[in-house]
Amino acid sequence: MDRTTVALARKEESIGKKVRLQGWVRTRRDSKGGFSFLELNDGSCFGNVQIVADANLSNYESEVKKLAVGCSVTVEGEVLKSPAKGQATEVKASSVIVHGWCDAETYPIQKKGASFEFLRTVAHLRTRTNTFGAVARVRNCVSNSIHQFFQEQGFLYIHAPIITASDCEGAGEMFRVTTIDPAKPPLLDGKVDYSHDFYGKPTYLTVSGQLQGEIFACGMGKVYTFGPTFRAENSNTARHLSEFWMIEPEMAFYDLYDNMTLAEAFIKRLIADALAKCPEDMAFFAERIDKECLKRAESVLKTSFLRVTYTEAIDILLKSGKTFEYPVKWGMDLQSEHERFLTEQHFKNTVILHDYPRTLKPFYMRVNDDGKTVRAMDVLVPGVGEIIGGSQREERLAVLEERMRETGLDPTHYWWYLDLRRYGTVPHSGFGLGLERVLLFLTGMANIRDVIPFPRTPKSAEF
RNA sequence: UCCCCGAUAGCUCAAUGGUAGAGCAACCGGCUGUUAACCGGUUUGUUGUAGGUUCGAGUCCUACUCGGGGAGCCA
(Lines give C-alpha, C1' and ligand atoms only; values in the text may rest on other atoms or scores of the structure.)
Protein backbone atom coordinates (compact mmCIF):
# COMPACT_ATOMS: atom_id res chain seq x y z
CA MET A 1 0.00 0.00 0.00
CA ASP A 2 1.48 3.32 -1.10
CA ARG A 3 1.69 6.30 1.14
CA THR A 4 0.11 9.10 -0.85
CA THR A 5 -1.20 12.63 -0.49
CA VAL A 6 -4.65 14.11 -0.34
CA ALA A 7 -3.76 16.03 -3.52
CA LEU A 8 -3.24 12.74 -5.41
CA ALA A 9 -6.17 10.94 -3.84
CA ARG A 10 -8.50 13.71 -5.03
CA LYS A 11 -7.57 13.09 -8.66
CA GLU A 12 -9.69 10.81 -10.83
CA GLU A 13 -6.68 8.81 -11.99
CA SER A 14 -6.31 7.50 -8.44
CA ILE A 15 -9.66 5.69 -8.60
CA GLY A 16 -9.18 2.01 -7.88
CA LYS A 17 -5.89 2.48 -6.02
CA LYS A 18 -5.30 1.30 -2.49
CA VAL A 19 -3.77 4.17 -0.54
CA ARG A 20 -2.48 5.24 2.84
CA LEU A 21 -3.29 8.84 3.78
CA GLN A 22 -2.01 10.74 6.80
CA GLY A 23 -3.25 14.08 7.97
CA TRP A 24 -5.64 16.06 10.13
CA VAL A 25 -9.41 15.78 10.33
CA ARG A 26 -11.22 18.96 9.29
CA THR A 27 -14.72 17.78 10.10
CA ARG A 28 -16.82 14.67 10.71
CA ARG A 29 -20.37 14.12 9.50
CA ASP A 30 -22.28 11.04 10.64
CA SER A 31 -24.63 9.51 8.16
CA LYS A 32 -27.45 7.03 7.86
CA GLY A 33 -26.70 3.36 8.05
CA GLY A 34 -24.37 4.30 10.87
CA PHE A 35 -21.31 5.34 8.91
CA SER A 36 -19.38 8.60 8.95
CA PHE A 37 -17.74 11.01 6.56
CA LEU A 38 -14.38 12.49 7.50
CA GLU A 39 -12.82 15.43 5.71
CA LEU A 40 -9.07 14.89 5.72
CA ASN A 41 -6.40 17.48 4.91
CA ASP A 42 -2.64 16.99 4.87
CA GLY A 43 -1.48 20.34 3.48
CA SER A 44 -0.69 18.93 0.06
CA CYS A 45 -3.48 20.90 -1.57
CA PHE A 46 -6.34 23.22 -0.80
CA GLY A 47 -9.12 20.67 -0.87
CA ASN A 48 -9.86 17.87 1.57
CA VAL A 49 -10.47 14.28 0.65
CA GLN A 50 -13.69 12.71 1.90
CA ILE A 51 -13.15 9.52 3.85
CA VAL A 52 -16.07 7.12 4.17
CA ALA A 53 -15.68 5.29 7.45
CA ASP A 54 -18.06 2.36 7.78
CA ALA A 55 -19.53 1.01 11.02
CA ASN A 56 -17.75 -2.32 10.55
CA LEU A 57 -14.37 -0.71 11.31
CA SER A 58 -13.21 -2.30 14.55
CA ASN A 59 -12.74 1.08 16.24
CA TYR A 60 -15.82 2.75 14.71
CA GLU A 61 -17.83 3.26 17.90
CA SER A 62 -14.84 3.61 20.21
CA GLU A 63 -12.80 6.08 18.13
CA VAL A 64 -14.04 7.07 14.67
CA LYS A 65 -17.29 8.52 16.00
CA LYS A 66 -15.30 10.68 18.39
CA LEU A 67 -13.04 12.24 15.75
CA ALA A 68 -13.31 16.00 15.47
CA VAL A 69 -11.50 19.01 14.02
CA GLY A 70 -7.77 18.74 14.51
CA CYS A 71 -7.38 15.01 15.24
CA SER A 72 -4.48 13.36 13.40
CA VAL A 73 -5.04 10.04 11.66
CA THR A 74 -3.67 7.46 9.26
CA VAL A 75 -6.33 6.15 6.89
CA GLU A 76 -5.90 3.14 4.66
CA GLY A 77 -8.43 2.33 2.01
CA GLU A 78 -9.44 2.37 -1.63
CA VAL A 79 -10.04 5.43 -3.76
CA LEU A 80 -13.52 5.30 -5.28
CA LYS A 81 -15.47 7.52 -7.62
CA SER A 82 -17.65 9.65 -5.39
CA PRO A 83 -21.38 9.21 -6.02
CA ALA A 84 -22.16 12.62 -4.51
CA LYS A 85 -21.48 16.16 -5.62
CA GLY A 86 -18.59 18.21 -4.31
CA GLN A 87 -15.69 15.90 -5.11
CA ALA A 88 -14.48 13.54 -7.84
CA THR A 89 -13.23 10.86 -5.49
CA GLU A 90 -13.58 9.60 -1.97
CA VAL A 91 -11.70 7.02 0.05
CA LYS A 92 -13.49 4.00 1.50
CA ALA A 93 -11.51 3.31 4.66
CA SER A 94 -10.36 -0.18 5.57
CA SER A 95 -8.66 1.14 8.69
CA VAL A 96 -8.44 4.40 10.62
CA ILE A 97 -5.61 4.81 13.12
CA VAL A 98 -5.83 7.76 15.50
CA HIS A 99 -2.47 9.32 16.37
CA GLY A 100 -3.54 12.36 18.32
CA TRP A 101 -6.82 13.43 19.82
CA CYS A 102 -7.79 17.07 19.81
CA ASP A 103 -9.97 18.37 22.60
CA ALA A 104 -12.63 20.42 20.87
CA GLU A 105 -13.32 22.19 24.15
CA THR A 106 -9.95 23.90 24.15
CA TYR A 107 -8.74 23.68 20.51
CA PRO A 108 -8.73 27.27 19.21
CA ILE A 109 -9.34 26.43 15.55
CA GLN A 110 -12.98 25.92 14.87
CA LYS A 111 -14.84 25.18 11.70
CA LYS A 112 -15.95 28.71 11.15
CA GLY A 113 -15.60 32.38 11.81
CA ALA A 114 -12.17 33.25 13.21
CA SER A 115 -10.65 36.64 12.47
CA PHE A 116 -7.10 36.92 11.13
CA GLU A 117 -6.27 38.99 14.22
CA PHE A 118 -7.25 36.08 16.43
CA LEU A 119 -5.48 33.50 14.28
CA ARG A 120 -2.28 35.54 14.59
CA THR A 121 -2.37 34.83 18.32
CA VAL A 122 -2.37 31.10 17.52
CA ALA A 123 0.11 31.21 14.63
CA HIS A 124 1.37 27.74 15.60
CA LEU A 125 -2.04 26.30 14.70
CA ARG A 126 -3.25 28.62 11.94
CA THR A 127 -1.49 26.52 9.29
CA ARG A 128 -4.43 24.15 9.67
CA THR A 129 -6.88 26.64 8.24
CA ASN A 130 -7.87 27.04 4.61
CA THR A 131 -6.48 30.54 4.32
CA PHE A 132 -3.07 29.96 5.86
CA GLY A 133 -2.60 26.66 4.08
CA ALA A 134 -3.26 28.46 0.80
CA VAL A 135 -0.90 31.32 1.71
CA ALA A 136 1.86 28.85 2.58
CA ARG A 137 1.50 27.01 -0.71
CA VAL A 138 1.48 30.19 -2.80
CA ARG A 139 4.49 31.49 -0.85
CA ASN A 140 6.31 28.25 -1.59
CA CYS A 141 5.37 28.48 -5.26
CA VAL A 142 6.67 32.05 -5.55
CA SER A 143 9.91 31.16 -3.75
CA ASN A 144 10.48 28.31 -6.16
CA SER A 145 9.71 30.51 -9.20
CA ILE A 146 12.22 33.08 -8.02
CA HIS A 147 15.04 30.56 -8.15
CA GLN A 148 13.84 28.99 -11.39
CA PHE A 149 13.56 32.34 -13.16
CA PHE A 150 17.06 33.47 -12.24
CA GLN A 151 18.68 30.08 -12.70
CA GLU A 152 17.19 29.75 -16.20
CA GLN A 153 18.61 33.16 -17.07
CA GLY A 154 22.10 32.30 -15.89
CA PHE A 155 22.10 34.23 -12.62
CA LEU A 156 24.30 33.11 -9.75
CA TYR A 157 22.60 32.68 -6.38
CA ILE A 158 24.79 34.31 -3.75
CA HIS A 159 24.45 34.43 0.01
CA ALA A 160 24.83 37.92 1.38
CA PRO A 161 25.81 38.19 5.04
CA ILE A 162 23.12 38.58 7.68
CA ILE A 163 25.48 40.37 10.05
CA THR A 164 27.09 43.51 8.72
CA ALA A 165 29.29 46.29 9.99
CA SER A 166 28.34 48.77 7.29
CA ASP A 167 25.79 51.24 8.48
CA CYS A 168 24.71 51.38 4.87
CA GLU A 169 22.62 53.65 2.73
CA GLY A 170 20.32 54.94 5.40
CA ALA A 171 17.70 52.30 4.63
CA GLY A 172 16.17 52.82 8.04
CA GLU A 173 17.02 51.92 11.60
CA MET A 174 19.14 48.81 12.15
CA PHE A 175 19.08 46.08 14.77
CA ARG A 176 22.30 45.95 16.72
CA VAL A 177 24.11 42.62 17.02
CA THR A 178 26.21 42.39 20.17
CA THR A 179 27.45 40.05 22.87
CA ILE A 180 28.08 42.90 25.29
CA ASP A 181 26.31 42.43 28.62
CA PRO A 182 23.83 45.31 28.75
CA ALA A 183 24.07 45.31 32.54
CA LYS A 184 27.79 46.11 32.53
CA PRO A 185 29.02 47.29 29.14
CA PRO A 186 32.73 48.11 28.75
CA LEU A 187 33.05 51.86 28.82
CA LEU A 188 35.52 54.31 27.33
CA ASP A 189 35.08 57.98 28.22
CA GLY A 190 31.55 57.21 29.40
CA LYS A 191 30.51 55.61 26.11
CA VAL A 192 30.17 51.93 25.22
CA ASP A 193 33.52 50.64 23.93
CA TYR A 194 32.68 48.39 20.99
CA SER A 195 36.31 47.39 20.50
CA HIS A 196 35.47 44.86 23.23
CA ASP A 197 32.42 43.59 21.38
CA PHE A 198 32.37 40.25 19.52
CA TYR A 199 33.51 41.70 16.19
CA GLY A 200 35.59 44.49 17.70
CA LYS A 201 33.25 47.09 16.24
CA PRO A 202 29.51 47.85 16.16
CA THR A 203 27.59 45.35 14.01
CA TYR A 204 24.02 45.10 12.81
CA LEU A 205 21.53 42.85 11.06
CA THR A 206 21.50 43.53 7.35
CA VAL A 207 19.00 45.96 5.86
CA SER A 208 20.00 44.99 2.32
CA GLY A 209 22.37 42.65 0.52
CA GLN A 210 22.81 45.12 -2.31
CA LEU A 211 26.36 46.23 -1.61
CA GLN A 212 27.53 42.63 -1.39
CA GLY A 213 25.48 41.85 -4.50
CA GLU A 214 27.39 44.57 -6.33
CA ILE A 215 30.67 42.95 -5.30
CA PHE A 216 29.70 39.70 -6.96
CA ALA A 217 28.07 41.35 -10.00
CA CYS A 218 31.28 43.31 -10.57
CA GLY A 219 33.21 40.12 -11.08
CA MET A 220 30.74 37.44 -12.04
CA GLY A 221 28.08 39.21 -14.08
CA LYS A 222 24.53 38.45 -13.03
CA VAL A 223 23.72 37.48 -9.45
CA TYR A 224 20.83 37.51 -7.02
CA THR A 225 20.30 37.21 -3.30
CA PHE A 226 17.19 35.87 -1.62
CA GLY A 227 17.14 36.04 2.13
CA PRO A 228 15.85 37.70 5.27
CA THR A 229 16.19 41.43 5.78
CA PHE A 230 15.81 43.40 8.99
CA ARG A 231 14.56 46.92 9.61
CA ALA A 232 14.22 48.27 13.12
CA GLU A 233 11.95 51.05 11.89
CA ASN A 234 8.96 51.64 14.14
CA SER A 235 6.50 51.01 11.32
CA ASN A 236 2.99 50.03 12.29
CA THR A 237 1.23 49.35 9.04
CA ALA A 238 -0.31 46.46 7.13
CA ARG A 239 2.57 46.63 4.64
CA HIS A 240 5.69 46.56 6.85
CA LEU A 241 7.54 43.91 8.83
CA SER A 242 10.74 44.27 10.82
CA GLU A 243 11.90 40.91 9.42
CA PHE A 244 10.99 40.18 5.81
CA TRP A 245 12.34 38.37 2.76
CA MET A 246 13.86 40.26 -0.09
CA ILE A 247 15.11 39.29 -3.53
CA GLU A 248 17.92 41.46 -4.87
CA PRO A 249 19.29 40.83 -8.36
CA GLU A 250 22.36 42.76 -9.43
CA MET A 251 23.62 42.78 -13.02
CA ALA A 252 26.86 44.02 -14.57
CA PHE A 253 26.51 45.87 -17.88
CA TYR A 254 22.80 46.52 -17.30
CA ASP A 255 21.52 50.06 -17.63
CA LEU A 256 18.29 51.30 -16.04
CA TYR A 257 16.17 50.18 -19.01
CA ASP A 258 17.66 46.67 -18.98
CA ASN A 259 16.84 46.70 -15.27
CA MET A 260 13.20 47.60 -15.98
CA THR A 261 12.88 44.91 -18.62
CA LEU A 262 14.18 42.31 -16.19
CA ALA A 263 11.91 43.50 -13.38
CA GLU A 264 8.86 43.27 -15.63
CA ALA A 265 9.70 39.77 -16.90
CA PHE A 266 10.43 38.67 -13.33
CA ILE A 267 7.15 39.86 -11.82
CA LYS A 268 5.17 38.44 -14.71
CA ARG A 269 6.85 35.07 -14.29
CA LEU A 270 5.96 34.95 -10.58
CA ILE A 271 2.32 35.76 -11.35
CA ALA A 272 2.07 33.30 -14.24
CA ASP A 273 3.51 30.47 -12.14
CA ALA A 274 1.19 31.13 -9.21
CA LEU A 275 -1.85 31.12 -11.48
CA ALA A 276 -0.71 27.95 -13.23
CA LYS A 277 0.52 25.97 -10.23
CA CYS A 278 -1.86 27.05 -7.46
CA PRO A 279 -5.22 27.33 -9.22
CA GLU A 280 -7.25 25.99 -6.29
CA ASP A 281 -5.58 28.30 -3.80
CA MET A 282 -5.91 31.32 -6.10
CA ALA A 283 -9.58 30.52 -6.73
CA PHE A 284 -10.10 30.47 -2.98
CA PHE A 285 -8.50 33.90 -2.58
CA ALA A 286 -10.68 35.28 -5.36
CA GLU A 287 -13.80 33.83 -3.78
CA ARG A 288 -13.24 34.51 -0.09
CA ILE A 289 -10.47 37.06 0.37
CA ASP A 290 -10.42 39.56 -2.49
CA LYS A 291 -12.74 39.28 -5.47
CA GLU A 292 -10.40 41.40 -7.59
CA CYS A 293 -7.17 39.50 -7.00
CA LEU A 294 -7.37 37.14 -9.99
CA LYS A 295 -8.51 39.87 -12.35
CA ARG A 296 -5.74 42.13 -11.10
CA ALA A 297 -3.06 39.48 -11.51
CA GLU A 298 -4.21 38.63 -15.03
CA SER A 299 -4.29 42.28 -16.00
CA VAL A 300 -0.74 42.92 -14.77
CA LEU A 301 0.31 39.80 -16.62
CA LYS A 302 -1.05 40.81 -20.00
CA THR A 303 -0.35 44.54 -20.14
CA SER A 304 3.07 46.12 -20.62
CA PHE A 305 4.36 48.09 -17.68
CA LEU A 306 4.29 51.81 -18.38
CA ARG A 307 7.53 53.73 -18.00
CA VAL A 308 7.04 57.25 -16.74
CA THR A 309 9.65 59.67 -15.47
CA TYR A 310 9.23 61.36 -12.13
CA THR A 311 9.03 64.69 -13.93
CA GLU A 312 6.22 63.44 -16.19
CA ALA A 313 4.39 62.03 -13.17
CA ILE A 314 4.56 65.37 -11.38
CA ASP A 315 3.17 66.98 -14.52
CA ILE A 316 0.26 64.51 -14.65
CA LEU A 317 -0.53 65.10 -10.98
CA LEU A 318 -0.42 68.88 -11.44
CA LYS A 319 -2.74 68.71 -14.46
CA SER A 320 -5.13 66.22 -12.84
CA GLY A 321 -7.12 69.01 -11.24
CA LYS A 322 -7.31 66.92 -8.08
CA THR A 323 -6.50 68.44 -4.73
CA PHE A 324 -4.14 66.27 -2.71
CA GLU A 325 -3.48 66.43 0.99
CA TYR A 326 0.19 66.96 0.14
CA PRO A 327 0.45 69.62 -2.61
CA VAL A 328 2.37 68.48 -5.67
CA LYS A 329 5.65 70.16 -6.53
CA TRP A 330 8.75 69.05 -8.42
CA GLY A 331 11.35 67.86 -5.91
CA MET A 332 8.87 66.48 -3.39
CA ASP A 333 8.69 62.81 -2.52
CA LEU A 334 5.59 61.17 -3.95
CA GLN A 335 3.09 60.26 -1.23
CA SER A 336 0.84 57.22 -1.08
CA GLU A 337 -2.09 59.26 -2.35
CA HIS A 338 -0.09 60.33 -5.43
CA GLU A 339 1.09 56.82 -6.23
CA ARG A 340 -2.42 55.47 -5.79
CA PHE A 341 -3.82 58.12 -8.09
CA LEU A 342 -1.29 57.26 -10.79
CA THR A 343 -1.72 53.46 -10.71
CA GLU A 344 -5.36 53.12 -9.80
CA GLN A 345 -7.02 56.14 -11.42
CA HIS A 346 -4.85 57.68 -14.10
CA PHE A 347 -3.01 54.76 -15.71
CA LYS A 348 -5.03 51.86 -14.22
CA ASN A 349 -1.90 49.83 -14.84
CA THR A 350 1.46 48.87 -13.44
CA VAL A 351 3.78 51.86 -13.68
CA ILE A 352 7.55 52.13 -13.45
CA LEU A 353 8.45 55.58 -12.23
CA HIS A 354 12.05 56.52 -12.90
CA ASP A 355 14.63 59.31 -12.82
CA TYR A 356 13.85 60.84 -9.44
CA PRO A 357 15.41 64.01 -8.04
CA ARG A 358 18.85 63.24 -6.62
CA THR A 359 17.94 64.79 -3.29
CA LEU A 360 15.34 62.09 -2.66
CA LYS A 361 17.53 59.07 -3.31
CA PRO A 362 20.58 57.35 -1.78
CA PHE A 363 24.20 58.00 -2.72
CA TYR A 364 24.73 54.92 -4.86
CA MET A 365 22.27 55.81 -7.64
CA ARG A 366 23.79 57.01 -10.90
CA VAL A 367 23.53 60.74 -11.49
CA ASN A 368 22.00 61.76 -14.82
CA ASP A 369 23.63 64.27 -17.18
CA ASP A 370 21.14 66.92 -16.07
CA GLY A 371 22.77 66.77 -12.65
CA LYS A 372 19.34 67.01 -11.00
CA THR A 373 18.04 63.48 -11.26
CA VAL A 374 19.32 59.96 -10.64
CA ARG A 375 18.68 56.66 -12.40
CA ALA A 376 16.20 55.32 -9.86
CA MET A 377 13.10 53.28 -10.54
CA ASP A 378 10.08 52.24 -8.49
CA VAL A 379 7.61 49.64 -9.77
CA LEU A 380 4.11 50.48 -8.57
CA VAL A 381 1.35 47.88 -8.89
CA PRO A 382 -2.35 48.60 -8.44
CA GLY A 383 -3.56 47.66 -4.99
CA VAL A 384 -0.24 47.25 -3.21
CA GLY A 385 1.84 50.21 -4.37
CA GLU A 386 5.63 50.00 -4.40
CA ILE A 387 6.70 46.41 -4.94
CA ILE A 388 10.17 47.02 -6.36
CA GLY A 389 12.75 49.70 -5.79
CA GLY A 390 15.93 49.76 -7.85
CA SER A 391 18.44 51.80 -9.78
CA GLN A 392 21.40 51.94 -12.07
CA ARG A 393 24.39 52.28 -9.76
CA GLU A 394 26.93 55.09 -9.88
CA GLU A 395 30.02 53.52 -11.46
CA ARG A 396 32.15 56.70 -11.68
CA LEU A 397 34.54 56.88 -8.74
CA ALA A 398 34.75 60.67 -8.47
CA VAL A 399 30.98 61.17 -8.74
CA LEU A 400 30.33 58.46 -6.16
CA GLU A 401 32.75 59.96 -3.64
CA GLU A 402 31.18 63.35 -4.18
CA ARG A 403 27.69 61.89 -3.59
CA MET A 404 28.84 60.21 -0.39
CA ARG A 405 30.12 63.43 1.04
CA GLU A 406 26.95 65.19 -0.10
CA THR A 407 24.80 62.72 1.90
CA GLY A 408 27.08 62.87 4.94
CA LEU A 409 28.87 59.52 4.56
CA ASP A 410 32.58 58.98 5.06
CA PRO A 411 34.06 57.46 1.85
CA THR A 412 36.86 55.78 3.80
CA HIS A 413 34.32 53.49 5.49
CA TYR A 414 33.28 52.23 2.05
CA TRP A 415 36.78 51.67 0.70
CA TRP A 416 35.89 48.24 -0.67
CA TYR A 417 32.74 49.59 -2.36
CA LEU A 418 34.82 52.33 -3.96
CA ASP A 419 37.46 49.79 -5.05
CA LEU A 420 34.83 48.27 -7.35
CA ARG A 421 34.89 51.64 -9.19
CA ARG A 422 38.63 52.12 -8.82
CA TYR A 423 39.50 48.84 -10.51
CA GLY A 424 37.69 47.81 -13.69
CA THR A 425 34.45 49.61 -13.03
CA VAL A 426 31.37 48.69 -15.08
CA PRO A 427 27.90 50.11 -15.50
CA HIS A 428 25.55 47.97 -13.45
CA SER A 429 22.04 47.89 -12.07
CA GLY A 430 19.81 46.02 -9.68
CA PHE A 431 16.63 46.12 -7.67
CA GLY A 432 14.98 44.80 -4.54
CA LEU A 433 11.66 42.96 -4.46
CA GLY A 434 9.80 42.31 -1.23
CA LEU A 435 8.53 38.72 -1.19
CA GLU A 436 5.65 39.55 1.15
CA ARG A 437 4.57 42.46 -1.04
CA VAL A 438 4.25 40.06 -3.96
CA LEU A 439 2.16 37.76 -1.81
CA LEU A 440 -0.12 40.63 -0.76
CA PHE A 441 -0.64 41.40 -4.42
CA LEU A 442 -1.29 37.80 -5.46
CA THR A 443 -3.51 36.67 -2.59
CA GLY A 444 -5.37 39.88 -1.89
CA MET A 445 -4.63 39.41 1.82
CA ALA A 446 -4.95 42.78 3.54
CA ASN A 447 -2.23 42.49 6.19
CA ILE A 448 1.41 41.59 5.57
CA ARG A 449 1.47 39.82 8.95
CA ASP A 450 -0.73 37.14 7.41
CA VAL A 451 1.48 36.25 4.45
CA ILE A 452 4.60 35.37 6.50
CA PRO A 453 4.58 32.36 8.84
CA PHE A 454 5.83 34.16 11.93
CA PRO A 455 5.50 37.94 11.63
CA ARG A 456 7.94 40.18 13.47
CA THR A 457 6.68 43.70 14.04
CA PRO A 458 7.21 46.32 16.75
CA LYS A 459 6.14 44.86 20.12
CA SER A 460 5.51 41.45 18.58
CA ALA A 461 7.90 38.50 18.21
CA GLU A 462 5.82 35.53 19.33
CA PHE A 463 6.50 31.96 18.19
C1' U B 1 6.25 57.64 15.82
C1' C B 2 1.49 60.72 14.81
C1' C B 3 -4.18 60.92 14.15
C1' C B 4 -8.78 58.15 14.67
C1' C B 5 -11.37 53.66 16.38
C1' G B 6 -11.70 49.29 19.28
C1' A B 7 -10.99 45.35 23.45
C1' U B 8 -17.67 41.81 26.72
C1' A B 9 -18.43 33.62 26.88
C1' G B 10 -13.64 29.23 23.32
C1' C B 11 -14.95 32.27 18.48
C1' U B 12 -18.07 36.44 16.03
C1' C B 13 -20.79 40.22 18.16
C1' A B 14 -25.24 42.78 21.27
C1' A B 15 -26.41 45.38 25.93
C1' U B 16 -30.10 54.77 27.92
C1' G B 17 -25.11 54.97 34.24
C1' G B 18 -29.51 50.45 37.25
C1' U B 19 -30.15 41.95 37.64
C1' A B 20 -24.47 40.66 31.27
C1' G B 21 -27.34 38.47 26.15
C1' A B 22 -27.51 36.14 21.02
C1' G B 23 -25.40 33.15 17.05
C1' C B 24 -21.62 29.60 16.34
C1' A B 25 -18.53 26.02 19.04
C1' A B 26 -18.73 22.44 23.12
C1' C B 27 -21.83 18.68 25.80
C1' C B 28 -26.53 15.36 25.78
C1' G B 29 -30.41 13.37 22.65
C1' G B 30 -32.75 12.78 17.73
C1' C B 31 -32.52 12.42 12.29
C1' U B 32 -29.77 11.84 8.01
C1' G B 33 -24.90 9.55 1.16
C1' U B 34 -23.46 13.80 4.18
C1' U B 35 -20.79 18.70 1.95
C1' A B 36 -19.87 25.40 6.83
C1' A B 37 -25.06 19.03 7.47
C1' C B 38 -29.86 19.53 10.08
C1' C B 39 -33.54 19.53 14.62
C1' G B 40 -34.35 19.79 20.16
C1' G B 41 -32.12 20.57 24.91
C1' U B 42 -27.89 21.94 28.40
C1' U B 43 -23.43 24.51 29.95
C1' U B 44 -20.31 28.82 29.37
C1' G B 45 -18.19 35.45 32.10
C1' U B 46 -12.52 38.64 37.36
C1' U B 47 -16.57 42.90 30.59
C1' G B 48 -7.90 43.98 28.27
C1' U B 49 -4.79 46.02 32.88
C1' A B 50 -4.35 49.79 36.86
C1' G B 51 -6.55 53.88 39.01
C1' G B 52 -10.65 57.57 39.42
C1' U B 53 -15.96 59.82 39.35
C1' U B 54 -20.77 57.82 41.30
C1' C B 55 -25.58 55.39 45.97
C1' G B 56 -24.43 52.27 41.64
C1' A B 57 -19.64 51.62 35.92
C1' G B 58 -19.38 46.81 30.45
C1' U B 59 -21.19 51.98 29.81
C1' C B 60 -18.23 58.29 32.14
C1' C B 61 -12.74 60.15 33.11
C1' U B 62 -7.08 59.23 33.21
C1' A B 63 -2.87 56.20 32.21
C1' C B 64 -1.02 51.78 30.24
C1' U B 65 -1.13 47.20 27.09
C1' C B 66 -2.58 44.98 22.71
C1' G B 67 -5.32 45.10 18.06
C1' G B 68 -7.65 47.66 13.66
C1' G B 69 -7.98 51.92 9.93
C1' G B 70 -5.17 56.10 8.05
C1' A B 71 -0.22 58.72 7.75
C1' G B 72 5.23 58.74 7.80
C1' C B 73 9.61 55.39 6.78
C1' C B 74 10.24 51.69 2.87
C1' A B 75 10.34 46.36 0.26
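Below, read A as the first sequence line, B as the second, and so on, with proteins coming before strands; counting in each chain starts at 1.
Side-chain contact of A/Asn259 with A/Ser429: a donor-acceptor pair under 3.5 Å is absent, judged by distance alone.
Among B/C73, B/A75, B/G68, the nucleotide with an atom closest to any side-chain atom of A/Asn447 is B/G68. Out of B/U35, B/A75, B/U12, the shortest distance to the side chain of A/Glu386 is found at B/A75. For A/Thr237, counting side-chain heavy atoms from C-beta on, the closest listed nucleotide (B/U12, B/C73, B/C74) is B/C73. In the set B/U34, B/G69, B/A71, the nucleotide with an atom closest to the side chain of A/Ala238 is B/G69. Taking only side-chain atoms of A/Ser336, from C-beta outward, the nucleotide of B/U35, B/G72, B/U12 with the closest atom is B/G72.
For B/U16 and B/U49, the C1' atoms lie 27 Å apart once the distance is rounded to whole Å. Only the P atoms considered, B/U12 is 30 Å distant from B/G29, to the nearest whole Å.
Checked by distance alone, A/Ser235 brings no side-chain donor or acceptor within 3.5 Å of a matching partner on the base of B/C74. Side-chain atoms of A/Glu233 stay outside donor-acceptor range of the base of B/U1, with no qualifying N/O pair under 3.5 Å. For B/C74, its base sits under 3.5 Å from the side chain of A/Arg437 at one donor and acceptor pair at least. Evaluation of atom-type donor-acceptor distances gives a pair under 3.5 Å for the side chain of A/Asn236 against the base of B/U1.
The aromatic rings of A/Phe155 and A/Phe150 lie tilted to each other, with the angle between the two planes from 30° to 60°. Ring planes of A/Phe46 and A/Phe284: tilted class, angle from 30 to 60°.
The partner of B/U62 is B/A50, judged by Watson-Crick or G-U wobble contacts that both fall below 3.5 Å. Across all strands shown, B/G70 is found opposite B/C2 as a Watson-Crick or G-U wobble partner, with both distances under 3.5 Å. Across all strands shown, B/C55 forms a Watson-Crick or G-U wobble pair with B/G18, both key distances being under 3.5 Å. If you check B/U35 for Watson-Crick or wobble pairing at under 3.5 angstrom, you find it has no partner at all.
In this model, the phosphate group of B/G67 is approached by a side-chain N or O of A/Arg449 to a distance below 4.0 Å at OP1 or OP2.
Cation-pi contact between A/Arg296 and A/Phe441: present, with separation from the ring centre below 6.0 Å and deviation from the ring axis of at most 45°.
Map A/Glu105 and A/Asn234 each onto its nearest nucleotide of RNA chain B; the residue landing nearer the 5' end is A/Asn234. Of the residues near RNA chain B, A/Asp103 and A/Pro108, the one whose nearest nucleotide (by heavy atom distance) lies more toward the 5' end is A/Pro108.
Applying the salt bridge (Lys or Arg N to Asp or Glu O under 4.0 Å) test between A/Glu39 and each of A/Arg29, A/Arg28, A/Arg26 identifies A/Arg29 as the sole match.
If you take NZ of A/Lys361 and C1' of B/C74, they are 9 Å apart, rounded to a whole angstrom. Rounded to an integer number of Å, the gap from CD1 of A/Ile388 to P of B/C74 is 17 Å.
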